[in-house]
Enquirer: 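Have a look at this one.
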Amino acid sequence: MDVHHNMVGITAEQLQAAHNADLEIQGDEQVDFKQAWADPESGVVYCLSEAPSADAVKRIHERTGHPADEIHPVPLVV
């Protein structure tokens, strides 16, 4: 799970465009972006993905122009 801050006012269209940009190149790093959520009022965006490493997620987001402020590995699933 990664988090982006300072995205106050993000629209559904902008969120979709950012997510699509990640999807277009996710295979370069063997990342599988699942879903993104945003709160336009607080400017916080959350992205869920499966990836070989946090660095792989970081590189994709940097390449698409919206670097993650936080990346939280979540190794346990139930």
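Source: prediction; values computed, not measured. Residue numbers count from 1 along this sequence.
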Enquirer: Given a cutoff of under 4.5 Å between side-chain heavy atoms of I, L, V, M, F, W and Y, with clusters grown through shared members, what are the other residues clustered with Leu15?
Expert: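 Its cluster partners, ordered by chain and number, are Met7, Ile10, Val45.
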
Enquirer: Between Arg63 and Asp28, does any NZ, NE, NH1 or NH2 come within less than 4.0 Å of an OD or OE carboxylate oxygen?
Expert: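 Looking at Arg63 together with Asp28, the answer is yes, because their closest N to O distance falls below 4.0 Å.
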
Enquirer: Verify, without hydrogens or angle tests, whether Gln30 (side chain) and Gly27 (backbone) share a donor-acceptor contact under 3.5 angstrom.
Expert: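 Yes; at least one donor-acceptor contact below 3.5 Å.
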
Enquirer: Supply the atom-to-atom distance Ile60 CD1 to Asp55 CG, rounded to the nearest 0.5 angstrom.
Expert: 12.0 Å

Enquirer: Ignoring hydrogens and angles, tell me if any N or O in the side chain of Gln14 forms a donor-acceptor pair with the backbone of Thr11 under 3.5 Å.
Expert: yes

Enquirer: Which heavy atom in Ser53 sits nearest to a heavy atom in Ala56, and how many Å separate them?
Expert: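 Residues Ser53 and Ala56, closest heavy atoms: OG-N, 3.1 Å.
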
Enquirer: Rounded to the nearest 0.5 Å, what separation is found between the NE2 atom of His19 and the OG1 atom of Thr64?
Expert: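 Going from the NE2 atom of His19 to the OG1 atom of Thr64 covers 11.0 Å.
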
Enquirer: Is there a side-chain contact between Asp69 and Val3 (heavy atoms, below 4.5 Å)?
Expert: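 The answer is no; the side chains never approach within 4.5 Å.
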
Enquirer: Give me the atom names and distance for the closest heavy-atom approach of Ser49 to Val57.
Expert: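 Nearest heavy atoms, Ser49 then Val57: OG-CG2, 3.6 Å.
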
Enquirer: To the nearest 0.5 angstrom, please state how far the CG atom of Asn20 sits from the CD1 atom of Ile25.
Expert: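 Reported to 0.5 Å precision, the distance equals 12.5 Å.
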
Enquirer: Going by ring-ring contact (aromatic ring centres under 6.0 Å, His included), name the pairs with one or both residues in residues 59-78, residues two or more places apart or in two chains.
Expert: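 Sorted result for residues 59-78: His4-His61, His4-His66, Phe33-His61, His61-His66.
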
Enquirer: Which pair of heavy atoms, one from Val44 and one from His5, lies closest together, and at what distance?
Expert: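 Residues Val44 and His5, closest heavy atoms: CG2-ND1, 3.9 Å.
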
Enquirer: Any salt bridge (charged side-chain N to carboxylate O under 4.0 Å, His left out) involving residues 31-50? Give me the pairs, sequence neighbours left out, ordered by first then second residue.
Expert: Asp32-Lys34, Lys34-Glu50

